[in-house]
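As structure tokens, the structure follows; a few thoughts come after it.
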Amino acid sequence: MIEVNNNFHLLPVSYLFSEVGRRVAAFREANPEREVIRMDIGDVTRPLFPSVIAAMHEAVEELASSSHFHGYGPEQGYAFLRDAIAEHDYHNRGIAIDSEDIFVSDGAKSDIGNLGDIYSRECKVAVMNPAYPVYVDDSVIDGRAGVLKDGKWSRLIYLDCDPENNFLPSLPEEKADVIFLCFPNNPTGEAISRPELKKWVDYARENGSLIIFDSAYEAFVRNPDIVRSIYEIEGAKEVAIEIRSFSKTAGFTGLRCGYTVVPRELKGTYKDGTQVALNSLWNRRQTTKFNGASYVAQKGAAAVYTPEGMADVRKATDYYLANAALIRQTLISKGYKAFGGENSPYVWATADNGEDSWNLFGKLLEEYGFSTTPGSGFGSKGDGYIRLTGFNSRENTEKAMSKIK
Ligand SMILES: *Cc1c(COP(=O)(O)O)cnc(C)c1O
């Protein structure tokens, strides 16, 4: 039999979401008369925008016509979309990122994992604790995490986030080669200011590190002092890759489209010391292993940058933000400590009495009839916390919060 990638053997079975589902189902069965509201939902619920739907209908008609048919597109994405991204997400915000720096993909999650192809297996990886689980699991699969001991991987550097540091981690004491940062953060919902992010850019410049900046939630930022793109920080183009997605911004979780920015200024070295632009490595990787995002999805994504599309992004994110604000205020008024939920759809909460995440999850489910995500599933520093999201409907969010009130 074939010898398989042993790193999968190291990977513990992720039971977080299945266990939440199992416990919710058990509660429903035991309490058929009670309604359960899902406040743990990690997916958008509003439909795609009319402008996106219209653009995709048009694209489908083109594919149905022999004179307008499109086959394989550019692996990097169509120019119409890369240009729209550069103009609206960067140039119009005073950031000099060009189409050549932008690679369109089928979403952020795949790019986060695929980027592991272009940095060395030897790289020491730093992750926030708690964090979106993909950064850790990809590092394990690629053989960069070492072994699991007492809930921590021996070769990963953990950047602890707690109320004492406002969920903004301190710079690592040992040298980190690759640093995953996510702001506005999933799961804590906390965002980062320019002076705080500048510390990381400076660290990366001094230490020759690469920052992979996940800004999947940038469209939820309302405060002008909060970072939307790492390239707002001077010098970031030489040290950072930025990952973006239309998923949470424009409801593309099922449709699939995102993009990754690899500025041409960002350089690395081969073993023999020869310098190389990461942009050309990523281009080589994508042209070899990827055949581009679907034409229909890219046409839909381009419509997000029309005036109607941009107004709809604002409306949809405002809707989820209002839900998050209601959740945060309600929890605080009932004596919980609640964080995030201001430039982010996520609220991170604790009873602050030593109660662990699963207990808190069980208590809220039994007493008030809503489900949450236990924070311990996002890393050891998540224990004692639960994550609630603004992604349910207004009606359901109000209903859940009125129960706790
Ligand atoms: C949802 C999410 C993603 C994944 O986005 P897709 O484009 O749908 O793959 C990436 N990063 C974070 C932090 C997320 O929460």
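Heavy atoms only: backbone and side chains are in, while hydrogens, waters and symmetry mates are out. In listed order, ligands and their atoms are each counted from 1. From a predicted model like this one, the values you see are computed outputs, not experimental measurements.
Between E366 and K363, none of the side-chain N atoms (NZ, or NE/NH1/NH2) sits under 4.0 Å from a carboxylate O, so this pair counts as no salt bridge.
Taking CG of D40 as the start and CZ of R387 as the end, the distance is 8.0 Å to the nearest 0.5 Å.
For F252, the heavy-atom gap to ligand 1 stays at 4.0 angstrom or more.
The shortest N or O to N or O distance between Y346 and ligand 1 is not below 3.5 Å. Below 3.5 Å of separation, one finds an N or O of N186 facing an N or O of ligand 1. For ligand 1, the polar-atom distance check against S110 finds no nitrogen or oxygen pair separated by under 3.5 Å. Polar contact check, A108 against ligand 1: a nitrogen or oxygen pair lies under 3.5 Å apart.
Listed by atom number, the atoms of ligand 1 under 4.0 Å from G107 heavy atoms are 7 (O), 9 (O). Under a 4.0 Å criterion applied to the non-hydrogen atoms of C182, ligand 1 contributes the atoms 13 (C). Distances below 4.0 Å separate heavy atoms of S245 from the following atoms of ligand 1: 5 (O), 6 (P), 7 (O).
Remark: minimum distance from atom 8 (O) of ligand 1 to any protein heavy atom is reached at S247 OG, 2.6 Å. The nearest heavy-atom contact from the protein to atom 1 (C) of ligand 1 is K248 NZ, 1.3 Å. Among all non-hydrogen protein atoms, the one lying nearest atom 4 (C) of ligand 1 is Y132 OH, 3.5 Å. The closest protein non-hydrogen atom to atom 13 (C) of ligand 1 is D214 OD2, 3.3 Å. Distance from atom 15 (O) of ligand 1 to its nearest protein heavy atom, with residue and atom name: Y217 OH, 2.6 Å.
Judged purely by atom type and a 3.5 angstrom limit, R46 has no side-chain atom pairing as donor or acceptor with the backbone of A250. A donor-acceptor pair under 3.5 Å is absent between the side-chain atoms of S139 and the main chain of A145, judged by distance alone.
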Exercise. Does the ring-ring contact (aromatic ring centres under 6.0 Å, His included) test come out yes or no for Y295 and Y78, once each step is laid out?
Worked result: CA-CA 8 Å; Y295 176 70; Y78 280 96; 5.2 Å; yes
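Residue-level proximity to ligand 1 for F246 is absent, since no heavy atom of it falls below 4.0 angstrom.
A ring-centre distance under 6.0 Å is found for Y346 and Y217. Ring to ring, F339 and F167 are close: their centroids are under 6.0 angstrom apart.
Note that R34 lies outside the cation-pi zone of F27, set by a 6.0 Å cut-off to the ring centre and a 45° limit from the axis.
When only modelled atom types and interatomic distance are considered, D383 and S357 share a side-chain donor-acceptor pair under 3.5 Å.
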